[in-house]
Protein chains: 2
Amino acid sequence: MTDKQSANNLAEQVMVRLSADIRGGRLAPGARLPTEQALTAELGVSRTVVREAVAALRADGLVVTRRGSGAFVADPMAGPFRIAAPHATTLSDILDVMELRLAVEVEAAAFAAERASRRQVAVIRTAWRSIDTALKRGEGAVAEDFAFHRAIAEATGNSQFPRFLAYLGSHVIPRQSVRLNVDTPDERRTYLERIQHEHSRIVAAISDGDAAEARRAMREHLTRSLGRYRTLAGGKKNGRR
Amino acid sequence: MTDKQSANNLAEQVMVRLSADIRGGRLAPGARLPTEQALTAELGVSRTVVREAVAALRADGLVVTRRGSGAFVADPMAGPFRIAAPHATTLSDILDVMELRLAVEVEAAAFAAERASRRQVAVIRTAWRSIDTALKRGEGAVAEDFAFHRAIAEATGNSQFPRFLAYLGSHVIPRQSVRLNVDTPDERRTYLERIQHEHSRIVAAISDGDAAEARRAMREHLTRSLGRYRTLAGGKKNGRR
DNA sequence: GTTGATGAAGTTGTCAGACAACTTCATAAG
DNA sequence: CTTATGAAGTTGTCTGACAACTTCATCAAC
């Protein structure tokens with residue numbers, strides 16, 4: 001966690017220091033940061049460096065600056081938040097992210113079942129049909145599949161779910177192409193058809209407003225998908241350490 | 001989505017512009033950005049502004065700079081990813097985030113039940129006992145509660161869960177103090193005791209390796225907590241749009 | 001011809017000073 | 001007490017300069 005010497009430029013060092021002060025609670029939300037002049041004096045760096053550091057913090061959403069007034073620690077909820085920086089994108093990392101995605105999507109299905117409007121259910125059903133037509137054309141339907149899951153996330157009425165999925169999807173889904181390549185056309189077709197059958201179960205549950213069943217269907221769907229990656233990873237299963 | 005005029009400082013405008021160029025694909029990963037001199041000439045701003053914008057992009061993980069060489073578009077997967085930028089922190093936004101947290105924690109409890117080592121179970125149990133002693137001292141045990149949930153996330157063996165919770169927790173949990181203030185001491189005590197009883201159910205399920213029960217217990221625990229906020233929000237329940 | 005040293009040009013990192021735009025607050029005028 | 005006024009303080013921007021480093025072409029030596 002101590003990454004202070006790793007920076008080769010002063011601005012980043014100052015940025016790390018201030019960031020630590022904020023995240024560590026020494027600078028409470030709403031509190032005012034020392035003035036640029038004070039920081040230059042205290043840290044022995046030029047104003048340019050301090051300003052670049054503050055610019056970085058502002059980009060991170062940790063502080064907001066008001067011209068003529070000062071720089072203030074932002075309300076943490078206001079800024080965009082970042083999670084999970086997979087430095088090396090190993091297969092293990094991907095699996096970890098997929099598990100997180102599973103968690104979110106399972107509950108999204110339940111919320112969708114509870115709260116989706118008829119219009120939103122219709123959107124989900126349309127997305128489902130799009131997968132169908134794509135499969136009949138012999139395509140992989142990767143984009144359609146993503147749209148389907150996205151439609152469910154939208155139907156939760158909670159904007160956090162589609163936002164979350166939007167990111168995860170764009171980085172996890174593309175790897176499906178890897179899987180499809182190693183299968184024979186026959187295996188692939190039966191696989192995709194089973195996927196589609198699982199999808200239909202999810203659609204039915206949401207349409208019926210059955211949250212528990214929606215959860216179950218979605219969990220099975222994603223767990224099965226996860227299982228395929230796990231075997232691909234080399235039998236890394238359960239029971240660690 | 002087009003927030004270009006909203007910025008009151010030039011550096012942010014430049015930052016938004018460059019950010020759009022990168023995300024839009026006009027600047028491919030690995031490509032070199034125009035030199036600072038070129039940007040000052042093209043955009044009609046000083047080098048100070050350009051440098052602050054680049055500093056912000058570096059903080060975002062979108063670019064890396066090499067002294068004497070230039071600034072380059074970073075590999076997208078390398079950087080941390082960000083989600084969910086609720087501009088206005090309304091109570092509704094908080095509820096949305098809490099629902100996301102519920103989704104993640106429910107599944108974390110299940111994974112913990114399946115995969116926690118004996119040592120990790122011990123850590124969870126210790127955290128649970130810490131809450132107990134804090135309650136007996138008449139304290140709110142906010143920090144202890146967070147440590148408890150964190151211990152469960154750690155026990156999943158998936159680093160994404162504790163990372164995710166670390167952010168959400170630090171920003172959602174503190175709001176508990178709001179709730180505690182409006183209660184009478186008596187209500188508060190019975191409330192905290194019930195919470196602790198819910199915790200014990202979770203601990204037992206994880207200890208037994210019963211994933212389904214762990215899910216159920218955690219969901220009930222968090223759903224109840226969510227419900228209190230919902231009533232506080234003013235009866236905003238289900239069935240939208 | 002290949003290799004290695006040399007040096008100039010280009011680029012980012014840092015410093016310093018200046019002024020503009022804005023906020024804040026004390027003070028005086030009404 | 002309320003309202004202007006103005007000075008001081010703070011961030012935003014511009015300019016110029018130099019240091020540290022990289023890159024690449026040139027040239028000498030083998």
Side-chain angles (χ1 to χ4, degrees), chain A residues 3-19 21-22 27-75 78-79, chain B residues 3-19 21-22 27-75 78-79:
Chain A
D3 42 2
K4 202 160 189 176
Q5 27 73 15
S6 67
N8 51 357
N9 55 345
L10 289 179
E12 193 158 345
Q13 290 177 32
V14 173
M15 188 270 205
V16 167
R17 185 205 152 92
L18 290 176
S19 174
D21 281 349
I22 293 173
L27 286 173
R32 203 180 124 181
L33 270 69
T35 67
E36 293 174 355
Q37 199 181 11
L39 286 173
T40 59
E42 184 186 347
L43 304 175
V45 296
S46 74
R47 200 181 154 209
T48 305
V49 171
V50 171
R51 282 195 60 78
E52 280 186 27
V54 172
L57 291 175
R58 208 180 37 207
D60 268 358
L62 266 69
V63 309
V64 292
T65 57
R66 284 205 291 276
R67 180 205 207 102
S69 179
F72 302 84
V73 179
D75 182 359
Chain B
D3 42 2
K4 201 160 189 176
Q5 27 72 12
S6 68
N8 50 358
N9 54 346
L10 288 179
E12 194 156 337
Q13 290 178 34
V14 173
M15 188 271 207
V16 167
R17 185 207 152 91
L18 290 176
S19 173
D21 281 349
I22 293 173
L27 287 173
R32 204 179 122 182
L33 270 69
T35 67
E36 293 174 356
Q37 198 180 11
L39 287 173
T40 59
E42 183 188 347
L43 304 176
V45 297
S46 74
R47 199 180 154 211
T48 307
V49 171
V50 170
R51 281 196 61 77
E52 279 186 30
V54 173
L57 292 175
R58 210 179 35 206
D60 269 358
L62 266 70
V63 308
V64 293
T65 57
R66 284 205 291 275
R67 180 206 208 100
S69 178
F72 302 83
V73 179
D75 181 4

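Per chain, numbering begins at 1; letters A, B, ... match sequence-line order. Atom set for the values below is all heavy atoms of this structure, side chains included, hydrogens, waters and symmetry mates excluded.
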**OP:** Classify every nucleotide of nucleotides 14-27 of chain C by which part a protein heavy atom approaches to under 4.0 Å, writing B for the base, S for the sugar-phosphate alone and - for neither, in 5'-to-3' order.
**Re:** BB--B--BBBS---

Subject >> Interatomic distance where CG belongs to B/Leu39 and P belongs to D/dC14 [whole Å] >> reply: 13 Å

Subject >> Test log, rule side chain to side chain contact (heavy atoms under 4.5 Å, CB included), inputs B/Arg58 and A/Asn9 >> reply: CA-CA 12 Å; B/Arg58 210 179 35 206; A/Asn9 55 345; 3.1 Å; yes

**OP:** Output, in order, the C-alpha distance, side-chain angles, deciding distance and verdict of side chain to side chain contact (heavy atoms under 4.5 Å, CB included) for A/Ser19 and A/Leu62.
**Re:** CA-CA 8 Å; A/Ser19 174; A/Leu62 266 69; 3.9 Å; yes

Subject >> Full working for side chain to side chain contact (heavy atoms under 4.5 Å, CB included) between B/Leu43 and B/Arg17 >> reply: CA-CA 10 Å; B/Leu43 304 176; B/Arg17 185 207 152 91; 3.8 Å; yes

Original post:
Quick one: side-chain hydrogen bond (donor to acceptor under 3.5 Å, both in side chains) partners of B/Arg32, sequence neighbours excluded?
Top reply: none

**OP:** Please state whether the phosphate of C/dG10, meaning OP1 or OP2, lies under 4.0 angstrom from any side-chain nitrogen or oxygen of B/Thr35.
**Re:** no

Subject >> Intermediate values then yes/no, side chain to side chain contact (heavy atoms under 4.5 Å, CB included), B/Thr65 and B/Val54 >> reply: CA-CA 9 Å; B/Thr65 57; B/Val54 173; 3.8 Å; yes

Original post:
What is the distance from CD of B/Gln37 to P of D/dC14, rounded to the nearest Å?
Top reply: 15 Å

